[in-house]
Amino acid sequence: MEEINDLIQQRIDKVQELRADGIDPYPNRFRVSHTLREIFERCGGLSKEELETREEEVVIAGRMMSRREHGKAAFCHIQDRSGRIQVYLRKDDLGQEGFDRFSRFMDIGDFLGIKGKTFRTRTEELTVWAREVVLLSKALRPLPEKWHGLKDIETRYRQRYVDLLVNPEVRRVFVLRSAIVQKIKDFLNRRDFLEVETPIMQPIPGGATARPFVTHHTALNRNLYLRVAPELYLKRLVVGGLERVYEINRSFRNEGLSREHNPEFTMLEFYMAYADYNDLMALTEEMLFELTRDVLGSPEVHYEGERIDFTPPWPRHTYREALVRLGEVAPEVLEDRAAAIRLAKALNLSVDPQKDSPGQVLDKIFEERVEPKLVQPTFIIDYPKELSPLSKSREDDPDLVERFELYVGRKEIANAYTELNDPMDQRERFLEQVRRREAGDQEAQWMDRDFLRALEYGLPPTAGEGIGIDRLVMILTGSPSIRDVILFPQLREEA
RNA sequence: GAGCCGCUAGCUCAUCCGGUAGAGCACCGGCCUUUUAAGCCGGUGGUGCUGGGUUCGAGUCCCAGGCGGCUCACCA
């Protein structure tokens, strides 16, 4: 073992003494009759007297989380996946040997199996009166302290197993996360979407402007990239006639870490033939409204001191409108690159007049001036074409694309557009991206010839959307950091 | 990658101006057969993140490094 302190050594000694006594500290199996929650469901409504006459026999198992000894009797609480219950042990019932074994060899953190019957104590707490106690698995390391629990953030992330054990609110977040994902799948399945899986290792990383992770396949002797998005594969599937598809995907971006960024993150991407971005706005409103209502019991959530209401409809602003009205940017700045750069500099934003295109400069101003105001669910629509190489242009204005982003709690939660399905236009957009890449933009997209070939077979009018699951879970669980909604967030090597 | 803050017993935290490092819980021993932050008595436990430096003397001051948090930059 890495480090052995006296507490661990004491427990190792106990294991050896138990073995010498013929007791296996790690027996292979133990059958339980009820989870702890089931016991509360069965007996929670029964009075002290009813319990005494009914003699409800139970066989339970769990981890001992607390203990109060009283000489020839003892109380402890054990915890399983469903809850926590008190156990009462007496020397009279367990015998000298059984009681001493509990008293001397079993520690907080150990897994115990208990046979007994339910009763109520003087304080009316539903408790299991033990007739037999067996050690199911000996813990060698002590658990954190019972009042303050485990607070050290680094330890909580590195040793999430301990965090989950002693901090019930952490378990709650991940149970909710699972329910959220399940609910989203139900929602899409009900609407005839097909859940699919597409490559995580891609020869050409596409579908998002981001720097990829590189890996190497030895047998093929070629580099592969961890996907930055599944988009181009999902659209190939729509070409193939799978008109409604979705993937809850882990994607990877080789960028900095922050409160809102983990190098691997989970996204929902879905594509719907014969729909446009307006249809997806309606679908998104419906999805998130149902989600909050069904998972949280209310369309209102509280996040970082704000009340957020998911009841539709949500406000919609065009990108330019949002800059002018919400961001209080002078309208002429939208048309005048020099003015935009002056404003960006006045706002202390890092713009590079050599490299940044007018759209990129405006986007930085957008982040600074508009994003902080987008607390309630809000759609920002009709983005500049140059920021959107995979989106379809508006019929009435070729410089804008039919695209929206959904903001909630000042975070970008979703990004969607009517998909570009004109293969010639897509080829031109890829060429523009390649020019940018050659000019040194490491996030510019790559030419994907097979994707173009797929489009040449014909992609029906289609709309597609990506929803950041981690960020959505942050808002729905009141978590300020993405690390609080990812079980094992990326950290540097342990010191 | 940059700035600021943090790192002391298994856990949560103290340690004032540089002078032999403490508490609660946990743990060990004793008492206690309905307790629940059980109680009472006694006890064990520390490379003070690492490495240098200043000093008679460093957990404390200085320098370098590690890890974490926050902010910024990049992005979803």
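Within every chain, numbering begins at 1; the chains are lettered A, B, ... in the order of the sequence lines, protein sequences first and strands thereafter. No experiment lies behind these values; they were computed from the predicted model shown.
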Q | Under 3.5 Å on both distances, the Watson-Crick or G-U partner of B/rU54 | A | none
Q: Provide, to the nearest angstrom, the distance between the CD atom belonging to A/E304 and the C1' atom belonging to B/rC70.
A: 13 Å
Q. Using atom C1' of each nucleotide, how far apart are B/rG24 and B/rU20 to the nearest Å?
A. 23 Å
Q) Among pairs that include at least one residue of residues 98-123 of chain A, which meet ring pair (Phe, Tyr, Trp, His ring centres under 6.0 Å), considering only residues two or more places apart or in two chains? A) A/Y88-A/F119, A/F119-A/W129
Q: Indicate whether OP1 or OP2 belonging to B/rU35 is found under 4.0 Å from a side-chain N or O atom of A/R68.
A: no
Q) Is B/rC41 syn or is it anti, if syn means the base angle is within 90 degrees of 0? A) anti
Q. Stacking check: are the rings of A/W147 and B/rG24 less than 5.5 Å apart at their centres and under 30 degrees in tilt?
A. no
Q. Quick one: A/L491 CG to B/rC7 P, roughly how many Å, whole number?
A. 19 Å
Q: Take atom C1' in B/rC40 and the same atom in B/rC4, then report the distance between them in whole Å.
A: 48 Å
Q: Using a 4.0 Å heavy-atom cut-off across all strands, classify A/R483 as base, sugar-phosphate, or nothing.
A: sugar-phosphate
(Q) Apply side chain to side chain contact (heavy atoms under 4.5 Å, CB included) to residues A/D448 and A/R236 and explain how you reach the verdict. (A) CA-CA 12 Å; A/D448 187 334; A/R236 283 171 170 97; 3.1 Å; yes
Q. To the nearest angstrom, how far is A/L257 atom CG from B/rC72 atom P?
A. 15 Å
Q) How far does CE of A/M287 sit from CG of A/L280, to the nearest 0.5 angstrom? A) 9.0 Å
Q.
Over all strands shown, is A/K14 touching base, sugar-phosphate only, or nothing at heavy-atom distances under 4.0 angstrom?
A. sugar-phosphate
Q) C1' atom, B/rG1 versus B/rA58: distance in rounded Å? A) 33 Å
(Q) When the P atoms of B/rA14 and B/rG6 are compared, how many Å lie between them, rounded to an integer? (A) 11 Å
Q | Touch class at under 4.0 angstrom, heavy-atom based, for A/I153 against every strand present | A | sugar-phosphate
Q: Go through B/rA76, B/rU34, B/rG24 for me and flag the one nearest to the A/F265 side chain.
A: B/rA76
Q: Name the nucleic acid region contacted by A/F119, choosing base, sugar-phosphate or nothing; use a 4.0 angstrom heavy-atom cut-off, strictly under.
A: base
Q) With sugar-phosphate meaning primed atoms plus P, OP1 and OP2, does A/D363 contact a base, only sugar-phosphate, or nothing at under 4.0 Å between heavy atoms? A) nothing
Q) Is any NZ, NE, NH1 or NH2 atom of the basic residue among A/R436 and A/E432 found under 4.0 Å from an Asp or Glu carboxylate oxygen of the other? A) yes
Q. Taking NZ, NE, NH1 and NH2 as the nitrogens, is one of them in A/R101 or A/E97 under 4.0 Å from a carboxylate oxygen of the other?
A. yes
(Q) Need to verify one output field. Residue with the more 5' nearest nucleotide on RNA chain B, A/S258 or A/Q86? (A) A/Q86
Q. Taking side chain as C-beta onward, heavy atoms only, is A/F366 less than 4.5 Å from A/Y319?
A. yes
Q. What pairs with A/E367 under salt bridge (charged side-chain N to carboxylate O under 4.0 Å, His left out), at least two apart in sequence or on another chain?
A. none
Q | Watson-Crick/G-U partner (both atom distances under 3.5 Å) of B/rC7 | A | B/rG66
(Q) Does anything in residues 125-137 of chain A come within less than 4.0 Å of RNA chain B? Heavy atoms only, and list the residues if so. (A) A/E125, A/W129
Q) Counting only side-chain N and O atoms of A/K364, is one of them less than 4.0 Å from OP1 or OP2 of B/rC74? A) yes
Q | Phosphate-side-chain proximity, A/R259 and B/rG69, N/O vs OP1/OP2 below 4.0 Å | A | no
Q) In the strands shown, is B/rC27 matched to any nucleotide by a Watson-Crick or G-U wobble pair with both distances under 3.5 Å, and which? A) B/rG43
(Q) Counting the atoms with a prime plus P, OP1 and OP2 as sugar-phosphate, which does A/N415 contact under 4.0 Å by heavy atoms, base, sugar-phosphate, or nothing? (A) nothing
**Q.** Nearest-angstrom distance, P atom, B/rU55 to B/rU12
**A.** 38 Å
(Q) When you compare the side chain of A/S251 with that of A/E264, does any pair of heavy atoms fall below 4.5 Å? (A) no
Q: Between A/K72 and A/G149, name the one whose nearest nucleotide on RNA chain B is closer to the 5' end.
A: A/G149
**Q.** Pair A/E195 + A/K185, salt bridge at N-O below 4.0 Å
**A.** yes
Q: Sort out the partner of B/rC72 for me: Watson-Crick or G-U wobble, both distances under 3.5 Å, none otherwise.
A: B/rG1
Q: Would you indicate what A/S66 reaches in the nucleic acid, counting non-hydrogen atoms under 4.0 angstrom: base, sugar-phosphate, or nothing?
A: nothing
Q | Pairwise C1' distance for B/rU34 and B/rC16, with rounding to whole Å | A | 47 Å
Q. Using atom C1' of each nucleotide, how far apart are B/rG39 and B/rC32 to the nearest Å?
A. 9 Å
Q) Taking atom types as they are modelled, is there a donor-acceptor pair under 3.5 Å from the base of B/rU34 to the side chain of A/R122? A) no
Q: Using a 4.0 Å heavy-atom cut-off across all strands, classify A/R211 as base, sugar-phosphate, or nothing.
A: nothing
Q: Pick base, sugar-phosphate or nothing for A/L143, based on heavy-atom distances below 4.0 Å to the nucleic acid.
A: nothing
Q. When the P atoms of B/rG57 and B/rG69 are considered, how many whole Å apart are they?
A. 38 Å
Q. Has A/R403 got its NZ or CZ under 6.0 Å from the middle of the six-membered ring of A/Y383, at an angle within 45 degrees of the ring axis?
A. yes
